[in-house]
Number of protein chains: 2
Amino acid sequence: MKKKSSSASITIQQVAEAAGVSTATVSRAINKSDAVSEELRNQVIQAVQKLGYKPNRSARNLRAHNVRKVGVLFADVQNPFFTSVLAGIEASLQKVDYVLLLGNSNEDRHIEQEHLKVFQEEGVAGIILAAVTDSAAPYQKVIRNGVPILALDRLVERLKVDSVSINNVEAAALATEHLLNLGHKDVAFIGGPVSISTARLRLEGYRKALLNHGLVNERVELGNFRQVGGYRAMKALLSTKLYPSAVFVSNNLMTLGALQAIHEAGLNIPKDIALIGFDDMPWATSLQPPLTVIAQPTYNLGTIAVRLLLDRILNPANPIQQVILESQLIVRESCGGKSTGNSGFERSLNH
Amino acid sequence: MKKKSSSASITIQQVAEAAGVSTATVSRAINKSDAVSEELRNQVIQAVQKLGYKPNRSARNLRAHNVRKVGVLFADVQNPFFTSVLAGIEASLQKVDYVLLLGNSNEDRHIEQEHLKVFQEEGVAGIILAAVTDSAAPYQKVIRNGVPILALDRLVERLKVDSVSINNVEAAALATEHLLNLGHKDVAFIGGPVSISTARLRLEGYRKALLNHGLVNERVELGNFRQVGGYRAMKALLSTKLYPSAVFVSNNLMTLGALQAIHEAGLNIPKDIALIGFDDMPWATSLQPPLTVIAQPTYNLGTIAVRLLLDRILNPANPIQQVILESQLIVRESCGGKSTGNSGFERSLNH
DNA sequence: TTGTAGGCGTTATCAA
DNA sequence: TTGATAACGCCTACAA
């Protein structure tokens, strides 16, 4: 009479019957509670395996409030920078048996809002966010609902949350200095919209380096953080009477666009124009000449993000942490001079 | 007495009270059931907005069995091919208010199994899979549990499921023919492990084209579907006494590796060696010379996958569909000759 | 058209 | 240590 003839999945009830114990015991056994005898635990485990029981996470989430599920909301999942970060996040989450909900806001604030809403409906334990906007209010609301947010890469002004990013000012300064030290007097900067923190900070770093060298005439072109943006920006630079002798492109997709513009103009790198890009992407070593870049520890950005978020979930009252990682200049040949040897390909080999 | 002082989220119960109706009415109102008067519906909507009510999806899933949630399980989320497909999937799902669970098996069958298990625990309505193995059994089990699978890109032998892919044989033949027609007699092939259907089929296409031209001496190098694989394969090819005059690299990451090997050898493309790659990736137009490639409709692969899977979820008994999309040869300059004009960049502009 | 009430699969409380 | 049992928040017969 008690048997359900349902063809659907096995429930804890059926396991309990098969093992000859109560559902409570089954629950305790599979959740590794200590308060259960070795003997019963074994019976339960056997029944679980025999029936192929898989706990229903919806029911579990409904009842217990520790949900092993986090939302990841990125501004552009096609950008290889985010892809690499995503891989780090995914691997970390999977290790601790968390589930990953993915949202792509595609740089659109309305879509972002939509995802935020759905994540809350799903009851995620926390959210890793590369935000589209720079205003705290919409995100603050989510936090007030009890869902912690971790800001990744892009920081949001006035939003007091844990965050992981690189030191963008220094990174950009480093790149610019490199060009300056090579003797370039006319170093241009291609960057993204200043509404995005990373773009703003990198521009700041560029200016800082210029000032350090007593230069006051900046050459700045901004565009969207996509390939076209870089293409147009470089076109604009090259269309001037005296185009710059060196350019720092502060985003990976924009770098690709910039390269295209340079090639179309028939210019030689680094002889006619020196170039330094952002992010050590797979193609950097496949270009001719190989590209000098600022490399961010993308994968680690992801793993650290997960660690911080889980910390926060477990200890909501802990002080806020802002982790800033070092980025690194990888000298190859696109700025002239020689490569510092085998820089880059080993990295690809690793993961 | 009925009030819950819980600081947690609003429930349907509280909305019902605020609107002065029963929970049943609230449920009907927000689920757009027709059997509710305009007047009450408005009351409910007001209460929902005032309280900021968000339905709890765990509870909803537990009760009703139509779960708006699908799992996406890819073999390598860092491969830009999959990234682009993923973007298509994500956009489609978001439009119909489905949630996306992401898993990255990283070409590891055990991790894949783990994800499959968790997806079932989460109660996904279906799974979009780019499989790691070529044996049907593990996937068949999932299907028997009532969770439909859609095979994307990589088909699994003997697994009778809906699928979306390109015609890999023809695509590879097309690439090879192109080189052959350019007068190359010694066309080599770099590909992936034949345990993966796409790799197998592309090799088949290469051989087919060779035979068509009455050639019998193939030059084949296989490696993993990563950058290193292509690098080593090309190295091997170049280390032979008489290296081939043209190479077809049948995977995008491998193409990057192959390029690197060519550059290291100091060879000129296309003068010393002609090259044709797979997938029209963002960097293809940024290379010098721009890369001739076989382009797959990646984004559409994703949107169609979603359509098929949702079809299947709604109509489990429907006949199985195998959708095969056309791929396309995009001639640029890496095989010699001239570009056919503006091929490629407009695509980047579009999405 | 609206409301009442039972139950989805779990976990946690309380007794035993 | 174990077992009943009451929620968790929602949907849906069924009754009104």
Side-chain angles (χ1 to χ4, degrees), chain A residues 2-44 47-48 51-69 120-123 145-146, chain B residues 2-44 47-48 51-69 120-123 145-146:
Chain A
K2 271 180 162 178
K3 281 264 171 60
K4 284 280 171 53
S5 70
S6 140
S7 77
S9 48
I10 315 292
T11 72
I12 201 174
Q13 179 73 29
Q14 299 171 45
V15 176
E17 282 173 25
V21 299
S22 73
T23 60
T25 301
V26 175
S27 175
R28 285 192 276 254
I30 61 182
N31 289 312
K32 310 193 195 307
S33 159
D34 38 337
V36 50
S37 68
E38 250 342 280
E39 193 191 339
L40 286 197
R41 184 190 303 280
N42 286 335
Q43 286 180 40
V44 169
V48 164
L51 298 179
Y53 167 70
K54 295 187 199 61
N56 178 322
R57 286 199 182 212
S58 289
R60 189 176 264 179
N61 294 343
L62 183 57
R63 178 60 231 239
H65 271 260
N66 68 338
V67 184
R68 302 176 90 78
K69 171 159 59 178
Q120 288 173 266
E121 292 181 7
E122 274 286 343
N145 287 342
Chain B
K2 271 179 161 178
K3 283 264 170 61
K4 284 279 172 53
S5 69
S6 141
S7 77
S9 48
I10 317 292
T11 73
I12 201 173
Q13 179 75 28
Q14 299 170 43
V15 176
E17 283 172 23
V21 298
S22 73
T23 60
T25 301
V26 176
S27 175
R28 284 192 276 255
I30 61 182
N31 290 312
K32 311 196 194 306
S33 159
D34 38 337
V36 50
S37 67
E38 252 340 283
E39 193 191 338
L40 286 196
R41 184 190 304 281
N42 286 335
Q43 286 180 38
V44 170
V48 164
L51 299 179
Y53 168 70
K54 296 187 199 60
N56 177 323
R57 286 200 181 212
S58 290
R60 190 177 264 179
N61 294 343
L62 184 58
R63 176 60 230 240
H65 271 262
N66 68 339
V67 184
R68 301 176 92 78
K69 171 159 59 179
Q120 288 173 266
E121 292 181 7
E122 274 286 342
N145 287 342

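So that the names make sense, note that chain A is the first sequence line, chain B the second, and so on, each numbered from 1. None of the values given here were measured: they were computed from a predicted structure.
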Got a salt bridge between A:Glu121 and B:Lys54, using NZ or NE/NH1/NH2 to carboxylate O under 4.0 Å? no
Kindly point out which of D:dC10, C:dT10, C:dG3 is positioned nearest to the side chain of B:Ala59? D:dC10
At less than 4.0 Å, is any side-chain N or O atom of B:Asn61 found next to OP1 or OP2 of D:dC10? Yes or no. no
Closest to the B:Ala24 side chain, choosing from D:dC10, D:dT5, C:dG3: C:dG3
OP1 or OP2 of C:dC8 less than 4.0 angstrom from a side-chain nitrogen or oxygen of A:Asn56, does that happen here? no
Contact class for A:Arg57 (heavy atom, under 4.0 Å): base, sugar-phosphate, or nothing? nothing
Of the nucleotides D:dC10, C:dT10, C:dA12, which one has an atom closest to the side chain of A:Ala64? C:dA12
Using a heavy-atom cut-off of 4.0 Å across all strands, would you classify B:Ala35 as base, sugar-phosphate, or nothing? base
Under 4.0 Å between a side-chain N/O of B:Thr25 and OP1 or OP2 of C:dG3, yes or no? yes
For A:Thr25 and A:Arg28: C-alpha separation, side-chain torsions, deciding distance, then whether side-chain contact (heavy atoms from CB on, under 4.5 Å) applies. CA-CA 5 Å; A:Thr25 301; A:Arg28 285 192 276 254; 4.2 Å; yes
Check whether any side-chain nitrogen or oxygen of A:Ser27 sits under 4.0 Å from OP1 or OP2 of C:dT11, and answer yes or no. yes
Look at B:Ser22 and C:dG3 and indicate whether a side-chain polar atom (N or O) is within less than 4.0 Å of OP1 or OP2. yes
If you find the nucleotide of DNA chain C closest to B:Glu38 and the one closest to A:Arg28, which residue's nucleotide is nearer the 5' end? B:Glu38
Does a side-chain N or O of A:Arg60 approach OP1 or OP2 of C:dT11 to a distance below 4.0 Å, or not? yes
D:dT2 phosphate, OP1 or OP2, under 4.0 Å from A:Ser37 side-chain N/O: yes
Is the base of D:dC10 touched by the side chain of B:Arg63 through a donor-acceptor pair closer than 3.5 angstrom? no
